[in-house]
Amino acid sequence: MTAPRTVEVLLPVAFDRALTYAVPDGLEVAPGDVVVAPLGTRPTVGVVWDGGGAEVEGARLKALLGKVAASGLSASMRGFVDWVAAYTLAPRGQVLRMAMRGLAADEGPREPRMGLKATGKAPGRRTPARDKALAAAANGETWSKKQLAESAGVSASVLDGLVADGALALSPLPPPPPPPRPDPHLPGPELSPEQASAAAALRAAVAARSFSVTLLDGVTGSGKTEVYCEAVAEALAQGRQALVMAPEIALTVPFLDRFAKRFGARPAVWHASVGEKGREAVRRGVADGSIQAVVAARSGLFLPFRDLALVVVDEEHDAAYKQEDGVSYNARDMAVVRGRIEGAAIVLASATPSLETRINAERGRYGRLALPARFGGRTMPEIKAIDMRRAGPVKGEWLAPALVSAVTQTLAAGEQALLFLNRRGYAPLTLCRRCGHRMKCPHCAAWLVEHRFRASLVCHHCGYTAHSPKTCPACAAEDSLVACGPGVERIRDEAVARFPDARVAILSSDLIGAGERLRAELDAIERGAVDIVVGTQMVTKGHHFPGLTLVGAIDADFALGAADPRAAERTFQMLQQVTGRAGRGERPGRALIQTHEPDHPVIRALAANDREGFYRAEAIAREAAMMPPFGRLAAIVVSAPTRELAEAHGRALARSAPKQETVRVLGPAEAPLAMVRGRHRMRLLVQAPRAVDVPAYLRSWLAAAPPARGGVRVAVDVDPQSFM
DNA sequence: AGCACGCCGACT
DNA sequence: GTCGGCGTGCTC
């Protein structure tokens, strides 16, 4: 008797090893095939992985249950899953799960959707609603239930009644026409000479049919989208596929419309709120090649493209590319890896590239295309700092006289002003005038932020919410609690008081809950129905406000003091993005930055419009802070139900770190506790020289680390945003 | 990720 | 006496 044929199958569960299964007679399977395998008590859909079978005692071997018609995973896709799992220290099955999203287990010929058709038979009973429905259906065509109900102006239950009566019958609907394909041969927009030469370089990178990474580094308003769309056009013209990734928030209708305008059809869309049906359709289309262009959030990187020519990572600096829960990865960097595996061209686009991408470009690892000027002869906004120590407002107000007069001029000219403050709510601190008590979060080491509109105090770290108290919880004094510092709500109040005739709108993520309301506000601003916008970082995402000519940054440098090694870079990026909103329309813009540190390098670089100088200085400062040769960063994230457990395990882990002289572990003391979704979190930071294999180091560390008990969980965040 | 197994509190 | 809470560990 011969040994049974076996295959290795990876299953989409949080499990690292592929399992060995017997292949029943008559079943032919090859690596990449989607199969059904028994796992524990349940049949589970998985993928045949390659690699020789490990020895398993015959008694424990189970047999595959069957094969699924769905398109499987190519060798390069399997390689990508393996690579990401190894790099992020995630179980391979968990990464496979991401690569299987949208996979329909019952994939095969679709059953036609059923519609309704008039039979010609008269219904048993006639009512006005039934007459309307039959009149609408009288053309003899098959209608979808929803369309028939809508066009007849009756409810679906009327139609159900007619079906029961035999006047309407179920009938298969013709298959929906395939969605229109984007057409790369439509004439593109007119490009400036700079845009045209960048576009030609990107087209060439795609035409080369090989792996490359190019930073498309263009100031706000330089027309990066038009440039990378030419690269997309090249990929489409070759009959190959293009993926455009954008931070979730940017996947808005205006963005898709811009794409549609260039290519005559909307791209396929892939993000969190696309339903299961839509996902299946996109996955299938991408796998069989019928979909050539996809616009996606970070998870789109795991789609099984048949012939991927190009990945564009728009706004590559955006923190939304980093996934923190489950498999922790940065989609921007994994895009580079995927490109290397697939032999695709990668374009990283940003007006404010991340430091690491700039450095990779400077060191020649990535190519760089620069668009240093705005499109259409428009100028960059003029930026001035207001020294709040010398020319600040009186106590209790937040708008400096110079900013107030600038707003006055702007309003008089019929233009829009934006007052930017990256702090939600009314006031970041509430304290007792009598005893000095500060309202703090019971879970985090953070102050509670007053939200006056909601009459509550909120922790912006963990979401803890309490009603605003009337008396001091420490000394019981009445009317002694005072709001300290500004949030956007407070700035709005001040703007309304200062400019009583102006129409003031507020734009912050607090509005997101009411998505409809946010859209209405954005529309109003775009139409010019708003004079002053008070907003958080939200305003930098996606939308264009052509009438905006003045930006005032209220508290520009408040984040600069933070211990975050990226504080300067983040602040510079944020202020560049915000000030870059001014003057995108017909009229030139300007920006005023209120600061207490006018001599800070970030503020000086902004005011001098010295982008290059800032990047150069910051790169040197960052290297110094990392103490060369240390460069790469990783974090071990400990989470636990209680603060004590998180701290105890964090300390135990730090003690157990392998003593490698070339790796530095920064202990729990340097990384403050936070609470996220009801769990206390602690981060241990790891610094290592570039030559060290960080994932391997972490793997060996965790293998020997004290076991996590009592609900403690340990996750690894190999920070790819480093100088690799 | 599921799902079973296991060991402690309030119910028919 | 059991039903069921979710902590722990396994999955060919």
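A, B, ... follow the sequence lines: proteins, then strands. Residue 1 opens every chain.
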To the nearest Å, how far apart are L11(A) CG and dA1(B) C1'? 11 Å
Between A654(A) and L684(A) the two heavy atoms that sit nearest each other are N-CD1, 3.9 Å
What's the CG-C1' distance between D16(A) and dC12(C), to the nearest Å? 15 Å
Residues which pass salt bridge (charged side-chain N to carboxylate O under 4.0 Å, His left out) with R424(A), listed by chain and number, not counting sequence neighbours: D510(A)
Residue list, side-chain contact (heavy atoms from CB on, under 4.5 Å) with Q292(A), at least two apart or on another chain: R181(A), L236(A)
Would you give me the side-chain donor-acceptor pairs under 3.5 Å for residues 25-40 of chain A, sequence neighbours excluded?
from, atom 1, to, atom 2, distance (Å)
D33(A), OD2, A30(A), N, 2.8
D33(A), OD2, K67(A), NZ, 3.3

Could you run down the sub-3.5 Å N/O contacts of the protein with nucleotides 8-11 of chain C?
from, atom 1, to, atom 2, distance (Å)
dT8(C), OP2, G711(A), N, 3.4
dT11(C), OP1, R60(A), NH2, 3.2

Shortest side-chain distance from T41(A), nucleotide among dA1(B), dC12(C), dA4(B): dA4(B)
For S76(A), the side-chain contact (heavy atoms from CB on, under 4.5 Å) test, sequence neighbours excluded, returns S74(A), I341(A), E342(A)
Roughly, in whole Å, what's the span from CE in M98(A) to C1' in dA1(B)? 14 Å
Measure CH2/W49(A) against P/dC12(C) and give the value in whole Å, please. 18 Å
Sorted by chain and number, sequence neighbours left out, salt bridge (charged side-chain N to carboxylate O under 4.0 Å, His left out) with R78(A) holds for D50(A)
